[in-house]
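Convention: sequence-line order gives letters A, B, ...; per-chain numbering from 1. This structure is a prediction, so every number in the text was calculated from the model and none was measured.
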Number of protein chains: 2
Amino acid sequence: MMNSGPFTAEARHQNKSARTRARLMDAAVQVFARDGFEAASVNEIARMAEVANGTFYVHFKDKDAIAVEVAARIATDITDQIDRAMADIDDGLERFGFATRQFIEFASHQPQWGWVIIRAASFLPQMHRQMETHMCADLERGRRQGQITADIDAFLVDTIMSMVFAALAARLRGDAGPEAGSRVTELVLNMLNIPPQRAHAIAWQTIALKELHLPTRPRQERVSPPAEPVRLGPIQI
Amino acid sequence: MMNSGPFTAEARHQNKSARTRARLMDAAVQVFARDGFEAASVNEIARMAEVANGTFYVHFKDKDAIAVEVAARIATDITDQIDRAMADIDDGLERFGFATRQFIEFASHQPQWGWVIIRAASFLPQMHRQMETHMCADLERGRRQGQITADIDAFLVDTIMSMVFAALAARLRGDAGPEAGSRVTELVLNMLNIPPQRAHAIAWQTIALKELHLPTRPRQERVSPPAEPVRLGPIQI
DNA sequence: GCAATTATTGAGATATCTCCCATTTTTTCG
DNA sequence: CGAAAAAATGGGAGATATCTCAATAATTGC
């Protein structure tokens with residue numbers, strides 16, 4: 001019923017409970033991606049994981065619990081790895097561009113994760129916020145470096161997030177190709193009034209897209225500090 | 001159970017069948033807005049409309065059918081009226097700004113409709129496409145008038161739509177005030193490399209926001225032609 | 001006012017879901 | 001190996017959904 005997924009692979013050498021739990025999480029990803037969160041049923045997740053219905057409840061309180069856990073793991077894995085992959089980039093705008101492109105390309109190589117991210121973003125605020133925090137850190141850096149003059153407030157960040165997610169969705173639907181990340185990066189930089197040439201250069205420079213590993217093997221230590229949270233001011237009129 | 005809504009009001013002088021149908025549609029709007037499409041149940045819609053469960057099925061095949069009908073009516077009503085309200089504006093960018101601001105302010109004055117629009121957009125492509133078509137017409141006009149130099153393709157339009165919807169969502173959540181429409185308009189115009197001053201002027205000029213009527217009384221004739229569909233080219237790499 | 005037509009009703013057949021829990025199977029470890 | 005602990009099982013009670021249909025009520029036209 002299922003080609004065992006990344007969580008299962010990670011748990012290969014742990015005890016049985018952990019392995020079953022991992023099976024359930026992989027199954028949940030598949031079902032959430034296929035049916036959406038609301039339409040997904042615990043029965044279907046258990047069936048997909050090839051465990052009995054009751055087993056689910058040994059490991060998770062209910063559907064919400066597994067959704068939160070899956071989404072948190074995915075968000076953490078991706079943001080951590082992107083962070084690590086661009087540890088040596090200093091320029092805030094380049095970091096933004098790299099992260100955006102890496103994120104979209106990665107998520108579209110793992111369409112199930114991609115769909116889960118998109119679907120989860122709308123009703124798991126913690127996941128949304130985590131990604132916002134990371135993005136925000138790079139934008140703030142760009143501002144401190146004098147490249148962005150605009151105020152970076154919640155409305156702006158929210159808008160940029162929606163653009164990145166729209167690009168990812170287009171990529172997942174097949175409406176956009178591998179250029180999606182570059183295109184949306186350039187649009188965002190234009191929006192921030194970065195000089196068009198520079199925006200274009202940043203967005204379209206060839207970069208080494210790392211293959212992200214999912215999930216990170218036995219929880220590695222972070223290489224760079226985890227993106228200092230940025231305090232967003234209230235929206236100004 | 002329900003303060004009869006706009007569809008009911010419109011159908012006041014029609015026959016009983018039409019009135020019941022309208023009650024169901026108003027109820028559906030409430031339930032969809034409150035619970036979301038997936039979680040909404042036919043039972044709940046019938047209860048809200050204060051009709052028997054079986055009555056629903058006399059009028060609609062199933063939940064999807066009423067969703068499609070409701071969304072289509074809302075989209076048509078809003079786009080038609082915005083079109084009418086700006087019949088005398090020629091400038092493409094000003095039309096875009098006006099429509100965006102009017103749309104967001106209207107939908108946030110009718111939060112139920114606003115939420116339905118947002119929720120419907122993600123899985124009723126026809127609704128999404130209708131709004132895209134209207135928006136696209138104004139942008140194309142701006143391009144023909146020499147104000148936009150960028151290519152207006154599907155990716156760009158999709159991105160702009162996502163920005164407008166994000167602004168609407170922020171407004172509905174209460175995270176943004178009445179300035180949301182102006183802010184997102186300005187961001188879009190910046191993104192299109194309109195000179196910042198002009199972008200600011202267009203986005204923040206005082207405009208007379210009309211109170212939109214919902215739904216249009218006995219189906220009025222259109223004043224202006226219905227926004228010629230714009231053929232979108234394939235996305236270029 | 002009365003028959004014909006049209007609309008509504010609500011109980012119920014069927015299905016699916018969630019969640020529990022007594023029982024069985026598997027793993028661990030002295 | 002064999003007993004204790006841990007994990008998994010799957011049947012089933014109880015909710016809640018969808019959709020149907022024979023019966024009932026309201027409306028219409030003569």
Original post:
Looking at W113(B) versus F103(B), is the centre-to-centre ring distance below 6.0 Å?
Top reply: no
**OP:** Write down the distance between CD (Q14(A)) and P (dA7(D)), rounded to a whole number of angstrom.
**Re:** 13 Å
Original post:
Expressed in angstrom and rounded to an integer, what is the separation of I45(B) atom CD1 from dT18(D) atom C1'?
Top reply: 12 Å
**OP:** Calculate the interatomic distance between L24(A) atom CG and dA7(D) atom P; express it in whole Å.
**Re:** 14 Å
Original post:
Which one, dT8(C), dT18(C), dA17(D), comes nearest to the side chain of T20(B)?
Top reply: dT8(C)
Pull out every protein N or O sitting under 3.5 Å from an N or O of nucleotides 9-11 of chain C, one pair per line with the distance.
unit_1: dT9(C); atom_1: OP2; unit_2: A52(B); atom_2: N; d: 2.8
unit_1: dT9(C); atom_1: OP2; unit_2: T55(B); atom_2: OG1; d: 2.6

Original post:
Can you tell me if R19(B) uses its side chain to pair, donor with acceptor, with the backbone of A11(B) under 3.5 Å?
Top reply: no
Original post:
Could you give the CZ-to-C1' distance, from F60(B) to dA7(C), as a whole number of Å?
Top reply: 15 Å
**OP:** Could you pull out all residues at least two apart from F32(A) that satisfy ring pair (Phe, Tyr, Trp, His ring centres under 6.0 Å)?
**Re:** F37(A)
Original post:
Rounded to the Å, how far apart are Y57(B) OH and dA17(D) P?
Top reply: 11 Å
Original post:
Going 5' to 3' along nucleotides 22-30 of chain D, which nucleotides have protein heavy atoms under 4.0 Å from the base (write B), which only from the sugar-phosphate (write S), and which from neither (write -)?
Top reply: ----S----
**OP:** Take the protein atom CG of N43(A) and the nucleotide atom C1' of dG12(D), then report the distance between them rounded to whole Å.
**Re:** 13 Å
Original post:
For H59(B) and dT8(C), is the shortest distance between a side-chain N/O and OP1 or OP2 below 4.0 Å?
Top reply: yes
